[in-house]
K.L.:
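Starting off with a structure, shown below.
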Amino acid sequence: MEDYLWYKVLYFWCYTKQPIGSGLTIPFLIGVEKEFGRGEDYKIDDLLSEFHSIEGGDFSITIRNCQNINMDVCCLDKLIEQEKTCYQNFALYI
């Protein structure tokens, strides 16, 4: 997962830069991959599939509304041990 450019950008945005941001939009993350990553063939299906592939790690991807820009943004959230189990079990129903 750390090899994905969108993951590195999202981690930087949510945890490294100051002030930290709440998230980045799906079009932005796709644009990053198209422009600086894997090229023009990169699609939303690829991104969403990769979101699912990080399941079971220390982070989860959540999509929520950012009131500052009034758009949905992708957020990288750290999971506590109890949440890891819950999300893994919940994923079976999606």
Side-chain angles (χ1 to χ4, degrees):
M1 88 181 111
E2 291 85 8
D3 294 335
Y4 301 139
L5 182 57
W6 64 261
Y7 182 90
K8 292 176 184 177
V9 171
L10 193 57
Y11 185 90
F12 174 79
W13 185 259
C14 295
Y15 292 101
T16 305
K17 79 169 196 65
Q18 293 296 322
I20 60 171
S22 61
L24 296 168
T25 65
I26 287 176
F28 181 86
L29 295 175
I30 291 172
V32 164
E33 284 293 347
K34 283 186 172 191
E35 188 68 28
F36 304 106
R38 288 169 269 178
E40 288 298 317
D41 293 335
Y42 194 78
K43 297 178 177 46
I44 191 170
D45 292 343
D46 300 319
L47 182 67
L48 296 178
S49 175
E50 291 166 4
F51 281 2
H52 186 68
S53 74
I54 72 165
E55 176 185 305
D58 293 331
F59 293 94
S60 70
I61 301 291
T62 56
I63 300 174
R64 56 183 171 250
N65 186 268
C66 174
Q67 294 179 349
N68 290 339
I69 61 173
N70 197 30
M71 293 186 73
D72 292 337
V73 294
C74 301
C75 308
L76 191 60
D77 294 326
K78 288 184 181 179
L79 295 174
I80 60 173
E81 241 5 84
Q82 293 168 328
E83 291 174 324
K84 287 180 188 180
T85 303
C86 177
Y87 282 119
Q88 287 172 350
N89 293 338
F90 182 72
L92 298 173
Y93 302 104
I94 298 177

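Owing to the predicted nature of the structure, the values given are computational and were not obtained by experimental measurement. The first residue of the sequence shown is numbered 1, and numbering continues consecutively from there.
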K.L.:
Enumerate the residue pairs fulfilling side chain to side chain donor-acceptor pair (under 3.5 Å) with a member in residues 14-30, sequence neighbours excluded, ordered by first and then second residue.
P.N.:
none

K.L.:
Do any side-chain atoms of residues 67-76 form donor-acceptor pairs under 3.5 angstrom with protein atoms, and if so which ones, sequence neighbours left out?
P.N.:
none

K.L.:
Answer yes or no: is there a side-chain heavy-atom contact under 4.5 Å between W6 and F28?
P.N.:
no

K.L.:
Who passes salt bridge (Lys or Arg N to Asp or Glu O under 4.0 Å) against D46, sequence neighbours left out?
P.N.:
none

K.L.:
R64: what forms a salt bridge (Lys or Arg N to Asp or Glu O under 4.0 Å) with it, not counting sequence neighbours?
P.N.:
D77

K.L.:
Mind checking side chain to side chain contact (heavy atoms under 4.5 Å, CB included) for F36 and listing every partner two or more places apart, or none if nothing turns up?
P.N.:
L5

K.L.:
Less than 4.5 Å apart, any side-chain heavy atom of R38 and any of Y4?
P.N.:
yes

K.L.:
Can you list everything that forms a side chain to side chain contact (heavy atoms under 4.5 Å, CB included) with K34? Sequence neighbours excluded, please.
P.N.:
I30, E40, Y42

K.L.:
What distance do E50 atom CD and E33 atom CD have between them, rounded to the nearest 0.5 Å?
P.N.:
6.5 Å

K.L.:
Are the side chains of I61 and L10 in touch, meaning some heavy atoms are under 4.5 Å apart?
P.N.:
yes

K.L.:
Starting from F12, walk the hydrophobic network (Ile, Leu, Val, Met, Phe, Trp, Tyr; side-chain heavy atoms closer than 4.5 Å) and list everyone else you reach, by chain and number.
P.N.:
none

